**Student:** 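Here it is: the structure, laid out below.
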Amino acid sequence: VPLVRSGVLETVLTVHSAEPRIWQAADVTLVKEVAERTWLAVDAARAQSALRDSEARLLAVFESLPVGVGVVDEAGDIVLSNQEMTRYLPTRRLPAMDSDRIGRWRAVHPDGRRVEPQDFPGMRALRGERTVPGMEALYTQDDGAEIWTQLAAVPILDDDGAVAGRVVVVTDVDALKRTE
């Protein structure tokens, strides 16, 4: 049974019977259905394999970055991130939506006013704003040491243009800031 797609022969399913027989129309129909279903299963397996390969490449890229990168959903939870991001967001939640950790982040406007949690880049991205290059913030680590970071975020839009999440990036700029 040849399987032709878009005018191109994709594969051939061969059916064998140990006994000579006359193939009936129902037999031929059944074999054609088996051929089509088998090919659909092969297509699905190839697609799954390609998806696994793509995810592995994406994770390799994420992990190789010298910055913290995370994909965050509307609720503020990280759905995908690299290990570097764990340094800054060990609870896997945006600080502006994590009352236990928001106090570890401090940033000020040019006029000296404190930046409120809802004005951090991750929250602004949820409102549809791109905050690149973002803003500097002082982060207090678990050991009490303070380091300077650069925060940036961009919204992720769905097919209708609505904000479905955001990508947040945290860069350690401590050495540069202290040199300045």
Side-chain angles (χ1 to χ4, degrees), residues 41-180:
V42 168
D43 276 348
R46 286 180 179 163
Q48 285 294 325
S49 178
L51 180 60
R52 281 190 303 274
D53 291 347
S54 177
E55 287 175 343
R57 283 190 299 274
L58 177 61
L59 287 174
V61 168
F62 261 43
E63 287 304 329
S64 69
L65 295 173
V67 298
V69 179
V71 177
V72 182
D73 65 14
E74 298 95 338
D77 295 317
I78 294 177
V79 295
L80 178 67
S81 69
N82 63 357
Q83 187 61 38
E84 183 68 13
M85 185 58 96
T86 304
R87 173 181 175 195
Y88 305 107
L89 304 179
T91 61
R92 301 189 56 77
R93 192 155 175 75
L94 276 188
M97 301 175 119
D98 185 347
S99 60
D100 292 335
R101 299 207 50 102
I102 187 60
R104 292 176 177 256
W105 296 89
R106 293 189 320 277
V108 294
H109 291 284
D111 64 7
R113 289 178 299 117
R114 185 180 179 101
V115 174
E116 296 300 323
Q118 68 270 12
D119 292 326
F120 273 70
M123 296 304 290
R124 291 172 54 193
L126 191 57
R127 296 191 301 264
E129 296 178 50
R130 274 181 68 88
T131 56
V132 177
M135 66 181 216
E136 292 177 348
L138 196 57
Y139 172 66
T140 304
Q141 300 180 113
D142 288 342
D143 65 2
E146 293 182 327
I147 61 168
W148 284 101
T149 61
Q150 178 79 25
L151 309 176
V154 295
I156 298 172
L157 305 178
D158 65 15
D159 293 338
D160 298 324
V163 177
R166 55 234 146 155
V167 174
V168 295
V169 178
V170 180
T171 305
D172 182 336
V173 295
D174 195 66
L176 176 64
K177 285 293 290 181
R178 295 195 188 279
T179 300
E180 287 177 355

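Source: prediction; values computed, not measured.
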**Student:** Test Leu94 against Arg166 for side chain to side chain contact (heavy atoms under 4.5 Å, CB included), laying out the working first.
**Tutor:** CA-CA 11 Å; Leu94 276 188; Arg166 55 234 146 155; 3.6 Å; yes
**Student:** Could you walk me through whether Val71 and Phe62 satisfy the side chain to side chain contact (heavy atoms under 4.5 Å, CB included) test, starting with their C-alpha distance in whole Å, then the side-chain angles of each, then the deciding distance to 0.1 Å, before giving a yes or no?
**Tutor:** CA-CA 11 Å; Val71 177; Phe62 261 43; 4.3 Å; yes
**Student:** Using atom types as modelled and distance alone, determine if a side-chain donor or acceptor of Arg93 lies under 3.5 Å from a backbone N or O of Ala75.
**Tutor:**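 Confirmed, Arg93 side chain pairs with Ala75 backbone.
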**Student:** Quick one about Arg101 and Tyr88 (side-chain donor to acceptor, distance below 3.5 Å, no hydrogens or angles considered), yes or no?
**Tutor:**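 No, because no side-chain N or O of Tyr88 sits under 3.5 Å from a partner of the opposite role on Arg101.
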**Student:** Look at atom CZ of Arg127 and say whether more than 12 heavy atoms of other residues, nucleotides or ligands are closer to it than 6.0 Å.
**Tutor:**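 Enclosed: over 12 neighbouring heavy atoms sit under 6.0 Å from CZ of Arg127.
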**Student:** Is a donor on one side and an acceptor on the other found under 3.5 Å between the side chain of Arg92 and the backbone of Asp77?
**Tutor:**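 Answer holds: no.
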**Student:** Within the distance-only criterion (no hydrogens, no angle test), does the side chain of Gln150 pair as donor or acceptor with the backbone N or O of Pro133 below 3.5 angstrom?
**Tutor:**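 Looks like yes, one N/O pair under 3.5 Å.
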**Student:** So among Asp172, Thr149, Asp142, which one has a side chain to side chain donor-acceptor pair (under 3.5 Å) with Arg87?
**Tutor:**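 Testing each of Asp172, Thr149, Asp142 against Arg87, the sole residue satisfying side chain to side chain donor-acceptor pair (under 3.5 Å) is Asp172.
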**Student:** Within the supplied structure, the quantity of interest is the number of heavy atoms (other residues, nucleotides, ligands) at a distance under 6.0 Å from Asp111 CG; does it exceed 12?
**Tutor:**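 Correct, the count exceeds 12.
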**Student:** Tell me if a side-chain donor or acceptor on Gln83 pairs with a main-chain N or O of Glu63 at a distance below 3.5 Å.
**Tutor:**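 Side chain of Gln83 to backbone of Glu63, a donor-acceptor pair under 3.5 Å: no, none is there.
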**Student:** Just by distance, do the side chain of Thr179 and the backbone of Ala175 share a donor-acceptor pair under 3.5 Å?
**Tutor:**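 It does hold such a pair.
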**Student:** Taking all heavy atoms of Val163 and all of Ala125, pick out the closest pair and write down the distance.
**Tutor:**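 Of all heavy-atom pairs spanning Val163 and Ala125, the closest is CG1-O, 3.8 Å.
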**Student:** Please give me the minimum heavy-atom distance between Arg106 and Glu146, naming the atom from each residue.
**Tutor:**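 Reported closest heavy-atom pair: NH2-OE2, 2.6 Å.
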**Student:** Between Ala153 and Val132, which heavy-atom pair has the shortest distance, and what is it?
**Tutor:**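 Minimum heavy-atom contact is O-CG2, 4.1 Å.
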**Student:** Could you go through Lys177 and Leu138, starting from their C-alpha distance and side-chain angles, then the distance that decides it, and tell me whether this counts as side chain to side chain contact (heavy atoms under 4.5 Å, CB included)?
**Tutor:** CA-CA 10 Å; Lys177 285 293 290 181; Leu138 196 57; over 6 Å; no
**Student:** Find out whether Glu84 and Val67 are in side-chain contact, i.e. whether some heavy atom of one side chain is under 4.5 Å from a heavy atom of the other.
**Tutor:**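 Contact flag for Glu84/Val67 side chains = no.
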**Student:** Between Arg52 and Glu55, does at least one N-O distance fall below 4.0 Å, as a salt bridge requires?
**Tutor:**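 Salt bridge: no.
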**Student:** Provide the closest heavy-atom pair for Gly68 versus Asn82 in the form atom of the first, atom of the second, distance.
**Tutor:**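 Closest approach of Gly68 to Asn82: CA-OD1, 3.5 Å.
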**Student:** Between Met123 and Gln118, which heavy-atom pair has the shortest distance, and what is it?
**Tutor:**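 In this case the closest contact between Met123 and Gln118 is CB-O, 3.4 Å.
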**Student:** Keeping the roles fixed (side chain from Arg130, backbone from Val154), state whether a donor-acceptor pair exists under 3.5 Å.
**Tutor:**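 No.
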**Student:** Walk me through it: do Val168 and Leu151 pass the test side chain to side chain contact (heavy atoms under 4.5 Å, CB included)?
**Tutor:** CA-CA 7 Å; Val168 295; Leu151 309 176; over 6 Å; no
**Student:** Do you know the tightest heavy-atom contact between Ala96 and Pro117?
**Tutor:**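 So the two residues come closest at CB-O, 3.5 Å.
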